[in-house]
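In this text the structure is predicted, and so the values were computed from the model without any measurement. Quick note: residue numbers are just sequence positions, from 1. Just so it is clear, the values below take in all heavy atoms, side chains as well, and ignore hydrogens, waters and symmetry mates.
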Amino acid sequence: MEILNYAFMQRALIAALIVGVTAPAIGIYLVQRRQALMGDGIGHVALTGVGLGFLLNTSPVWVATAVAIAGSVVMELIRWYGKTRGDLALAMLFYGGMAGGVMLMNLSDAGSNANLGTYLFGSITTVSPQDMTTIYVLAALVLAITIGLRRQLFAVCQDEEFARVTGLPVRLLNLLVAVTAAVTVTVAMRVVGLLLVSALMVIPVAAAQQISRSFALTFAVAVAIGVAVTLTGTATSYYVDVPSGATIVLLAIGLFVLFTALAAPLAKKRARAAAEGSEGCTLEVPGGRAAPDDVSVAG
């Protein structure tokens with residue numbers, strides 16, 4: 001294949017594959033916690049890290065990772081203690097992160113509007129060998145947490161009170177989910193961009209939920225969807241000359257629509273199978289208790 005003859009496309013496809021696995025792997029826990037937009041907020045904060053990296057003439061990815069992790073910790077603290085003013089604090093954090101990134105990018109000598117666009121919307125063909133090393137390390141960390149601690153994370157995301165009663169460190173695990181999401185955002189920002197990364201974390205999971213009923217199957221299907229759309233979107237962007245991030249997200253949305261259309265017939269089929277199975281099941285009702293012998297008392 002022609003696409004594999006170029007080193008930059010080989011790196012792009014490998015990066016797409018890694019992101020296609022890691023984004024849904026952490027996204028399933030965010031969806032379970034009803035925090036589907038958390039990735040979007042972290043992306044806003046990570047932009048400050050990108051700008052700071054350019055200002056300091058160092059790796060924007062590593063600086064963005066550090067800033068995103070700090071931002072995710074602050075988000076969790078706001079969720080725990082923010083109460084009624086928490087949404088306002090989060091909004092200021094998100095918008096401040098975006099504004100700070102734009103300002104720092106323009107203040108740096110290496111920064112420009114072109115650089116800003118590659119991080120906001122992704123530019124997978126510009127992934128460098130140094131970026132690949134970072135992606136490998138961070139992706140390994142994400143997968144180790146999301147797969148190795150899947151039982152504990154699922155318990156916390158499903159029912160915090162039950163998890164707390166069973167002795168799990170709920171706050172620590174919640175913080176771990178937030179930090180892992182922050183790392184995933186920085187892994188994926190060169191592929192789909194900071195503004196679109198949340199979509200890749202959420203949409204494959206939402207699509208998988210349409211046809212699966214168990215956590216394990218949803219996890220597997222979501223990862224398969226993530227890999228399919230990232231690889232297909234990357235190849236399409238090469239041949240058609242369209243933005244890779246937007247292409248990947250639109251493909252994910254298309255699969256979500258398809259799976260939603262298939263969900264109703266599958267549900268009817270399952271209901272019909274359950275009804276047919278119940279028809280063959282008979283319940284034997286025990287006979288009535290025999291009447292006691294009459295007892296006569298002689299006068």
How close do [X] and [Y] get, counting heavy atoms only, and between which atoms?
{"X": "A46", "Y": "L194", "answer": "CB-CD2, 4.0 Å"}
{"X": "M201", "Y": "A181", "answer": "CE-CB, 4.2 Å"}
{"X": "V67", "Y": "G49", "answer": "CG2-CA, 3.6 Å"}
{"X": "P24", "Y": "V19", "answer": "CD-O, 3.9 Å"}
{"X": "L143", "Y": "A25", "answer": "CD2-CB, 4.3 Å"}
{"X": "V249", "Y": "A199", "answer": "CG1-CB, 3.9 Å"}

field: Qualifying side-chain hydrogen bond (donor to acceptor under 3.5 Å, both in side chains) pairs with a residue from residues 177-189, counting only residues at least two apart or across chains
entry: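 side-chain hydrogen bond (donor to acceptor under 3.5 Å, both in side chains) check on residues 177-189 returns T65-T186.
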Heavy-atom distance under 4.5 Å between the side chains of [X] and [Y], does that happen here?
{"X": "F259", "Y": "V221", "answer": "yes"}
{"X": "E160", "Y": "N174", "answer": "yes"}
{"X": "I18", "Y": "Y136", "answer": "yes"}
{"X": "V50", "Y": "M189", "answer": "yes"}
{"X": "L30", "Y": "V202", "answer": "no"}

Applying side-chain hydrogen bond (donor to acceptor under 3.5 Å, both in side chains), name anything that partners [X], two or more places apart in sequence or on another chain.
{"X": "R33", "value": "Q35, E76"}
{"X": "Q10", "value": "none"}
{"X": "T134", "value": "W62"}

Nearest 0.5 Å, what's the [atom1]-[atom2] distance between [X] and [Y]?
{"X": "I28", "Y": "C157", "atom1": "CD1", "atom2": "SG", "result": "9.5 Å"}
{"X": "I14", "Y": "T234", "atom1": "CD1", "atom2": "OG1", "result": "11.5 Å"}
{"X": "T166", "Y": "L168", "atom1": "OG1", "atom2": "CG", "result": "4.0 Å"}
{"X": "L251", "Y": "L200", "atom1": "CG", "atom2": "CG", "result": "11.0 Å"}
{"X": "I26", "Y": "I145", "atom1": "CD1", "atom2": "CD1", "result": "8.0 Å"}
{"X": "S72", "Y": "M38", "atom1": "OG", "atom2": "CE", "result": "5.5 Å"}

Are [X] and [Y] linked, directly or through other ILVMFWY residues, by side chains that come within less than 4.5 angstrom of each other?
{"X": "L172", "Y": "I78", "answer": "no"}
{"X": "V257", "Y": "L250", "answer": "no"}
{"X": "V156", "Y": "V165", "answer": "no"}
{"X": "L173", "Y": "F162", "answer": "no"}

task: Keeping the roles fixed (side chain from T230, backbone from V227), state whether a donor-acceptor pair exists under 3.5 Å.
output: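 Yes; judged by distance alone, with no hydrogens or angles, the pair exists.
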Kindly list each side-chain donor-acceptor pair under 3.5 angstrom involving residues 90-98, sequence neighbours excluded, with atom names and distances?
none

query: How about T218 and S212: does a side-chain donor come under 3.5 Å of a side-chain acceptor?
result: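 S212 and T218 do have a side-chain donor-acceptor pair below 3.5 Å.
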Donor-acceptor pairs are to be reported for all side-chain atoms of residues 146-155 against protein atoms at under 3.5 Å, with residues two or more places apart or in another chain.
from : atom 1 : to   : atom 2 : distance (Å)
T146 : OG1    : V142 : O      : 2.9
R150 : NH1    : I147 : O      : 2.8

query: Which is it for E161 and V170 under the side chain to side chain contact (heavy atoms under 4.5 Å, CB included) test, yes or no, and what are the steps along the way?
result: CA-CA 9 Å; E161 293 301 324; V170 172; over 6 Å; no
